[in-house]
Amino acid sequence: MKVKILAFGIAKDIVGGKSGEMDFTENATIAQVKEALTQQFPGFEELRKFSIAVNESYQEDDYVISEGDELVIIPPVSGG
Amino acid sequence: MKVKILAFGIAKDIVGGKSGEMDFTENATIAQVKEALTQQFPGFEELRKFSIAVNESYQEDDYVISEGDELVIIPPVSGG
Amino acid sequence: MSDRISVHITKETLRVANCYEHVSHVSAGGNAMFIGTVRNQTKGNEVLKLEFEAYTPMAIKELEKIAQAVIEKWDAIKVSIHHRVGTLRVGDIAVIISVSTPHRAASFEACQYAIDTLKETVPIWKKEIFRDGEVWVSAHP
Amino acid sequence: MSDRISVHITKETLRVANCYEHVSHVSAGGNAMFIGTVRNQTKGNEVLKLEFEAYTPMAIKELEKIAQAVIEKWDAIKVSIHHRVGTLRVGDIAVIISVSTPHRAASFEACQYAIDTLKETVPIWKKEIFRDGEVWVSAHP
């Protein structure tokens with residue numbers, strides 16, 4: 001299934017844009033999303049960490065994504 | 001020697017005015033000043049505590065007062 | 001959100017008086033504020049300007065979570081968290097947090113919790129721009 | 001006193017923006033403020049107004065000592081302590097303390113030290129005026 005992905009901060013630079021689409025198998029987890037991202041964009045390995053938000057909330061590695069979810073790549077935050 | 005005494009806050013109510021004079025022997029200490037005040041104005045016994053400042057600084061019980069000093073009675077402070 | 005919470009992400013200049021007004025209350029005994037500003041240097045490198053970017057809808061949700069925790073854990077009367085985004089110059093205010101509580105010790109604790117948590121969880125990012133380059137703050141180990 | 005310290009005792013209305021301006025600095029990473037206001041009640045008794053009295057020359061000296069300690073112990077960049085005297089109504093600001101430091105944790109600690117110490121050492125007194133009487137705060141055990 002095709003899933004929409006948004007990127008912010010340094011993640012935008014790493015993936016080369018603000019938004020894109022990636023292809024995942026049914027029942028893919030956040031862990032698999034992170035792995036796929038790191039494989040396609042090695043720049044993620046150099047980050048202190050990064051998280052994935054689904055529908056405006058952080059989700060853990062075992063969260064299963066669904067068609068229609070909007071994934072957002074959250075690199076280390078630095079507000080304040 | 002006659003020494004000038006100023007009073008603030010509740011001390012003003014206890015001594016019945018903003019300023020007055022008291023008579024002390026030469027080399028009287030702050031401890032003696034406090035004792036004399038408490039004897040003359042029993043209201044001081046009911047306070048949580050009170051301090052004496054000389055020349056705009058707190059002084060300990062063993063401080064010896066001199067002619068010309070201005071003593072100030074400092075009841076428990078409550079600024080802020 | 002209740003009227004005890006004021007959360008904003010804005011491109012406009014932040015003002016301490018405005019943020020304080022949101023939390024002042026006749027039953028408050030203490031009001032603590034934190035004001036985060038743009039420093040003129042980082043590790044000796046002169047900062048020319050900062051660019052703040054937010055994933056706004058989620059950032060608002062995370063700020064509201066922080067504000068709610070402040071109200072629940074510290075019995076706060078009111079809390080406001082205002083964060084600026086866009087291009088900021090040295091000395092500009094990036095964030096103002098203001099917390100009113102019945103007793104003062106709680107206001108400090110709650111305010112410190114709020115800024116500490118904001119810096120860990122709220123999806124806002126800043127890029128420092130130097131004379132000879134730029135860097136996303138905290139991105140790398 | 002150095003220009004790093006701003007200490008005032010005044011009958012005028014205190015303003016947070018004014019107090020903050022004194023401490024804002026391009027090398028500050030954190031600014032903590034404490035704002036003390038007049039509460040509407042004490043132990044369930046409705047407060048009508050407060051009267052603040054200061055032994056001003058000594059109060060200024062004691063405030064300056066606190067400000068100096070904040071600069072020395074917490075490496076503060078600037079500190080301002082503004083205290084109002086005279087008759088205050090519910091909601092009025094009695095005191096504003098503002099501290100800027102290179103790093104934020106120190107600004108909270110220093111600001112809390114300043115208000116805690118002010119309440120112990122600075123010769124300022126407040127009288128609470130209720131409908132049925134008045135009392136000098138903290139005078140009795």
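Each chain gets a letter, A, B and so on, in the order the sequences are listed, and its residues count up from 1.
Heavy-atom neighbours of D/Glu12 CD from other residues, nucleotides or ligands within 6.0 Å: at or below the threshold of 12. More than 12 heavy-atom neighbours from other residues, nucleotides or ligands sit within 6.0 angstrom of CZ on D/Arg39.
Note that the CD1 atom of B/Ile10 and the OG atom of D/Ser138 stand 10.5 Å from one another [nearest 0.5 Å]. The distance from the NE2 atom of D/His140 to the CZ atom of B/Arg48 is 10.5 Å, given to the nearest 0.5 Å.
Annotation: side chain of D/Trp136 is in contact with side chain of B/Asp13 (closest heavy-atom distance under 4.5 Å).
B/Ile74 and D/Pro123 get closest at one heavy-atom pair: CD1-CB, 4.1 Å. Counting all heavy atoms, side chain and backbone alike, B/Val77 lies closest to D/Leu118 at CG2-O, 4.4 Å. The shortest non-hydrogen separation linking B/Leu47 to D/Pro141 is C-CD, 4.2 Å.
Contacts of D/Ala94 with chain B are made by side-chain atoms alone, with heavy-atom separations under 4.5 Å and no backbone atom involved. With a 4.5 Å cut-off on non-hydrogen atoms, D/Val122 touches chain B through its backbone but not through its side chain. Within the 4.5 angstrom heavy-atom criterion, no atom of D/Ala59 approaches chain B. Proximity to chain B is limited to the side chain of D/His83, based on heavy atoms less than 4.5 angstrom apart. If you measure heavy-atom distances from D/Phe52 to chain B, the contacts under 4.5 Å come from the side chain alone. In this structure, chain B has a heavy atom under 4.5 Å from the side chain of D/Glu62, while its backbone stays farther away.
Top candidate by heavy-atom pairs under 4.5 Å with chain B, chosen from D/Lys126, D/Lys127, D/Arg84, is D/Lys126.
For D/Trp125 (side chain) and B/Pro75 (main-chain N/O), a donor-acceptor pair under 3.5 Å exists by modelled atom type.
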Quiz: residues 51-60 of chain B side-chain donor-acceptor pairs under 3.5 angstrom, not counting sequence neighbours:
residue, atom, partner, partner atom, Å
B/Asn55, ND2, B/Asp69, OD1, 3.4
B/Glu56, OE1, D/Lys61, NZ, 3.1
B/Tyr58, OH, D/Thr121, O, 2.4

